[in-house]
Every structure is written in C-alpha cells, then in structure tokens.
Amino acid sequence: MRDHPLALTTARKAGLIRFALAGVVAGGLLTGCASDDKSLAYQTDYGNHRPLRVVGYPSAGSLETVQKAVWRLADGDTDGLAALAVGDEHADATARNWVKAFGAAAKEEVTADFYDEGSVRQVVVLYFAKSGRVKEIETRIGQDDAWGLTLDEPDPTAATARPDWAPTNPGGTGSRTSGVQPADRRARGSEGG
C-alpha cells in the first residue's frame, strides 16, 4: 500500500520546519556567544588555569578581579595585570615586580583569603602553596564603577614584602571579620576581630 502523496508532503514539511528551527536556534546561540566576548574570554581563562582556592567572603567583583590577577601572574602577562589597575600611576612597574616575584608560584595552587566587607574595597592575601610566598593585594571599585587593583608598589622590595599582619595560613584570622580596615588590623597585630 502506498502512502498518500499529501501525507508524505506534510511529513517532509514538518522535517524541514524542524531543521529550519534548529538552524535558527544554533545561529542565535552562536551570535549570542560571539557578542559576549568578555564572557568567552573569562571562560577560556578559567579553563586554561588552575582553580583559585577561596577563603573569606569576596564580592563578585573582588573575586573576579583577584582571579584575573592570579591568571595574569601565572601567564607572565605584565600588560594584562597593569590593565587591572585602578588609577595608579605606578601600574606598569608594579605589574613587572609582581610578575617577577610571584609569576612562577601563581602557576601552582593559590589560595585567596578575602578580608572584611567587600562592597567597594577589599584586602586580599594570596598564599602561594608551593613556594610559601604570601602577597597582600587590594581590590576596589574605580572611577568607572568597575573593580580593579591598587597597583602602587614600584619599589621591588615593597612589592615583594610579606604582610606582617597576615596569618601564616589562609583563614587563620581576619577573613571572618567585617568592617575592620587594614591599618586598624596592623595596629592590633593578628588578633583578628
């Protein structure tokens, strides 16, 4: 028994409609991905680097900024690190100092210990597990309301100095505090708060 010619045409039309819809959906997805270059670049960076361990309470902006800073260190990307600066005239020199001192260590396990409340500014201590190095950095919102880094350490000695107030291990003190400014913490020592 033969199929009715009209039924075959209807089935064929349904197949063509499904194929056309799949093409529209796929095209829309590809266009959406292409238009969101920042998101794609972040995902690529994320896939190409070791995961960052996190202690404390970062904001979304401070976490993303610190993650990018660690990636730029690991990649030896002084220009990319300097581009994260928020209004600092010493960004290029500081980025060179940081990459030279911490670049190799950033390729291994890194823990970021976020201190205080992070709505507009947050102090972060980076612990480089394999080398045992420790680095204090500051994330903050810049004039354009975007998060960035304070890069104001053109002196190599200052850029590589271990913070005297930070605990030996991540999460040891202060990361659980709220509203204590770094100068207040230094004055108190490492008692937290």
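For Ser62 (side chain) and Pro58 (main-chain N/O), no donor-acceptor pair under 3.5 Å exists by modelled atom type. Checked by atom type and distance alone, the side chain of Arg133 pairs as donor or acceptor with a backbone atom of Ala101 at under 3.5 Å. Formation of a donor-acceptor pair under 3.5 Å by the Glu138 side chain with backbone atoms of Arg140 is not found in this model.
The shortest non-hydrogen separation linking Ala82 to Ala95 is N-CB, 3.8 Å. Contact record, Gly171 with Asp113: N-OD2, 2.6 Å, taken as the closest heavy-atom pair. Here the shortest heavy-atom pairing between Ala112 and Val124 reads CB-CG1, 3.9 Å. Taking both residues in full, the closest heavy atoms of Arg50 and Glu109 are given as NE-N, 3.5 Å, listed atom of the first, atom of the second, then distance. Across all their heavy atoms, Phe128 and Val134 have their closest contact at CD1-N, 4.5 Å.
Val86 and Ile137 fall into different hydrophobic clusters, where Ile, Leu, Val, Met, Phe, Trp and Tyr side chains are chained together by heavy-atom contacts under 4.5 Å. Hydrophobic clustering, with ILVMFWY side chains joined whenever heavy atoms are under 4.5 angstrom apart, groups Trp147 together with Val120. Side-chain heavy atoms closer than 4.5 Å link hydrophobic residues (I, L, V, M, F, W, Y) into clusters, and following such links, possibly through other members, connects Leu149 to Val99.
Here CD of Glu64 is found 11.5 Å from OG1 of Thr139. Values are rounded to the nearest 0.5 Å. Rounding to the nearest 0.5 Å places OH of Tyr127 at 7.5 Å from OG1 of Thr168. The structure places CG of Leu151 at 12.5 Å from CD of Glu89, a figure rounded to the nearest 0.5 Å. For the atom pair CG of Asp79 and CZ of Arg96, the computed distance is 9.0 Å after rounding to the nearest 0.5 Å. Expressed to the nearest 0.5 Å, how far NE2 of His90 lies from CG of Asn97 amounts to 11.5 Å. Atom CD1 of Ile141 and atom CD of Gln122 lie 10.5 Å apart (nearest 0.5 Å).
Within the 4.5 Å cutoff, the side chain of Val110 has no heavy atoms near those of the Phe102 side chain. Counting only heavy atoms from C-beta outward, the side chains of Ser131 and Glu108 never approach each other to under 4.5 Å. Between Pro170 and Val125, every side-chain heavy-atom pair lies at or beyond the 4.5 Å cut-off.
Between Trp165 and Tyr115, the angle of the ring planes goes over 60°, which puts this pair in the perpendicular group of the 30/60° scheme.
Thr111 pairs with exactly one of Asn169, Leu52, Val55 by the side chain to side chain contact (heavy atoms under 4.5 Å, CB included) rule, that one being Val55. Checking Leu81, Thr160, Leu126 one by one against Trp98, the side chain to side chain contact (heavy atoms under 4.5 Å, CB included) holds for a single residue, Leu81.
Within 6.0 Å of atom CZ in Arg162, more than 12 heavy atoms from other residues, nucleotides or ligands are found, so the atom counts as buried in its surroundings.
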